[in-house]
Peer 1: 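Structure incoming, see below.
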Amino acid sequence: MQAEIVVGILSVIATIAAGLLQRTWRARRPRLPKFEAISLGPVHESTSFTVLDSVKVVDLREIGNRRKTEPGVAVLTDSYLVRRESDAGNGMVFRYAASGGLEGDCVSHADNSVISSYESTHFRTSRAVSVLLNELAEGSAARITNRLVYSGSFDRFEGEDFETHIERPTRSLTIIVTFSTDCPCRAVTAQIQVGERGQTETVQKDRPVLMNGGTLLYWRVFPKDGGWLPVGAKYRVQWTWDRQMPVPAPSAQGTG
């Protein structure tokens with residue numbers, strides 16, 4: 001349960017930071033970078049919401065050597081500490097895509113959210129979680145947590161990756177991946193791409209770290225100048241599995 005403990009600690013720190021930021025919010029309105037407002041159905045973000053803290057936990061503990069014979073199941077817990085900057089928008093839209101099956105919901109705002117499909121040209125399955133935030137006051141913060149279940153999306157034998165995009169002004173990003181003990185992570189690299197035509201660069205400083213014998217991957221990203229992460233940037237962790245290959249049973253002729 002290491003991932004849950006890490007997320008809990010990060011959430012407490014982020015919540016305290018949000019409280020301090022709110023004290024000066026009205027006196028010094030943050031200057032926001034330009035970004036495209038997302039709309040889906042009745043939910044329109046406008047430019048009303050920023051992200052103080054984004055934590056993504058990818059649980060791969062159910063994916064082990066057995067996934068050679070059946071699709072693996074992974075769970076993404078996607079948590080955002082958001083702040084309302086103006087009253088122009090009425091909610092937020094979070095978009096997800098996968099090469100296999102994908103279902104989920106918003107566990108923090110179950111009564112004010114809906115999951116639906118949206119068009120994606122890059123993946124077989126796409127889902128969007130729309131969350132209404134009419135009751136969130138201007139200058140206030142709230143934590144939104146979505147839970148997505150992937151099936152057959154992390155099945156490449158040699159290695160896999162997880163990628164996320166920055167779609168709105170974001171202060172910090174944390175990616176945590178948990179692995180099973182029979183199929184831990186052997187090695188990990190990270191890449192960053194800023195802009196659709198930007199060059200993909202391998203991270204050399206502040207790289208992801210592996211802990212607990214390769215069963216826990218941790219990577220935190222934040223701007224050095226205390227500003228915002230680049231809107232439109234892609235952050236990817238890529239890993240190889242350390243598989244414990246099954247030992248074949250001895251044949252009858254080979255015994256004795």
Side-chain angles (χ1 to χ4, degrees), residues 1-19 22 37-62 73-98 100-120 123 125-154 162 164-178:
M1 306 301 288
Q2 302 95 333
E4 290 83 351
I5 295 174
V6 173
V7 173
I9 294 173
L10 290 171
S11 298
V12 170
I13 294 173
T15 302
I16 294 173
Q22 287 179 54
I38 304 174
S39 298
L40 186 66
V43 177
H44 307 280
E45 284 197 21
S46 184
T47 54
S48 300
F49 301 94
T50 59
V51 177
L52 302 177
D53 167 58
S54 174
V55 181
K56 300 173 182 290
V57 181
V58 186
D59 189 347
L60 302 179
R61 288 177 293 181
E62 294 300 318
V73 175
V75 178
L76 168 64
T77 302
D78 196 24
S79 187
Y80 299 82
L81 183 64
V82 304
R83 182 175 60 192
R84 179 184 277 278
E85 306 292 351
S86 72
D87 59 0
N90 65 349
M92 301 182 71
V93 179
F94 304 91
R95 298 183 290 194
Y96 306 90
L102 177 61
E103 295 297 335
D105 55 10
C106 178
V107 297
S108 62
H109 295 70
D111 296 333
N112 292 301
S113 62
V114 63
I115 185 168
S116 58
S117 299
Y118 75 95
E119 292 185 5
S120 174
F123 292 91
T125 309
S126 57
R127 297 285 185 268
V129 178
S130 304
V131 184
L132 286 170
L133 297 170
N134 289 319
E135 297 182 0
L136 184 63
E138 187 176 352
S140 298
R143 181 162 289 278
I144 300 174
T145 301
N146 302 322
R147 182 178 184 272
L148 288 302
V149 179
Y150 296 76
S151 59
S153 293
F154 293 90
F162 174 78
T164 187
H165 300 188
I166 302 299
E167 296 188 311
R168 54 189 66 84
T170 301
R171 292 288 190 188
S172 70
L173 167 68
T174 301
I175 297 176
I176 298 170
V177 186
T178 59

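All values derive from a computational prediction rather than experimental measurement.
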Peer 1: Please identify each residue that fulfils side chain to side chain contact (heavy atoms under 4.5 Å, CB included) with S130, with sequence neighbours left out.
Peer 2: L40, V43, V93, V114
Peer 1: Show, in sequence, the C-alpha distance, side-chain angles and deciding distance for Y96 and L76, and conclude whether the side-chain contact (heavy atoms from CB on, under 4.5 Å) test is met.
Peer 2: CA-CA 10 Å; Y96 306 90; L76 168 64; 3.9 Å; yes
Peer 1: Does a side chain donor of either N146 or Y80 reach within less than 3.5 Å of an acceptor in the other side chain?
Peer 2: no
Peer 1: Could you tell me if the side chain of V51 sits less than 4.5 Å from the side chain of R171, heavy atoms only?
Peer 2: no
Peer 1: Nearest 0.5 Å, please: how far is CG in D87 from CD in E138?
Peer 2: 5.5 Å
Peer 1: With heavy-atom distances below 4.5 Å as the criterion, would you say the side chains of R143 and D53 are in contact?
Peer 2: yes
Peer 1: A97 and Y150: which non-hydrogen atoms are nearest, and at how many Å?
Peer 2: O-CE2, 3.9 Å
Peer 1: Closer than 3.5 angstrom, by distance alone: can the side chain of T178 be matched with the main-chain N or O of R61 as a donor-acceptor pair?
Peer 2: no
Peer 1: Just jot down the ring-ring contact (aromatic ring centres under 6.0 Å, His included) partners of F49, sequence neighbours excluded, or say none.
Peer 2: none
Peer 1: Could you tell me which residues satisfy side chain to side chain contact (heavy atoms under 4.5 Å, CB included) with D105, sequence neighbours excluded, listed by chain and number?
Peer 2: V107, R147
Peer 1: If you round to the nearest 0.5 Å, how far is CZ of R83 from CG of L136?
Peer 2: 11.0 Å
Peer 1: As a quick check of understanding, evaluate side-chain hydrogen bond (donor to acceptor under 3.5 Å, both in side chains) for S116 and R127, giving each step before the final call.
Peer 2: CA-CA 6 Å; S116 58; R127 297 285 185 268; over 6 Å; no
Peer 1: Which residues pass the side chain to side chain contact (heavy atoms under 4.5 Å, CB included) test with S108, not counting sequence neighbours?
Peer 2: C106, I144, T145
Peer 1: Evaluate the side-chain proximity of V73 to V149: yes if any heavy-atom separation is below 4.5 Å, no if none is.
Peer 2: yes
Peer 1: Taking only residues two or more places apart in sequence or in another chain, which ones pass side chain to side chain contact (heavy atoms under 4.5 Å, CB included) with T164?
Peer 2: K56, F162, L173, I175, Y235
Peer 1: Mind checking the CG-CZ spacing from N134 to R84? Nearest 0.5 Å is all I need.
Peer 2: 7.0 Å
Peer 1: Without swapping roles, check the side chain of S113 against the backbone of H109 for a donor-acceptor pair under 3.5 Å.
Peer 2: yes
Peer 1: How many angstroms lie between atom CG of N90 and atom CG of L133, to the nearest 0.5 angstrom?
Peer 2: 8.0 Å
Peer 1: Which distance, rounded to the nearest 0.5 Å, do you find between the CD of E62 and the OG of S151?
Peer 2: 13.5 Å
Peer 1: Are R95 and I38 packed together at the side-chain level, in the sense that at least one heavy-atom pair is separated by less than 4.5 angstrom?
Peer 2: yes
Peer 1: Which residue pairs pass the side-chain hydrogen bond (donor to acceptor under 3.5 Å, both in side chains) test with at least one member in residues 38-49, sequence neighbours excluded?
Peer 2: S39-H44, E45-R168, S48-S86
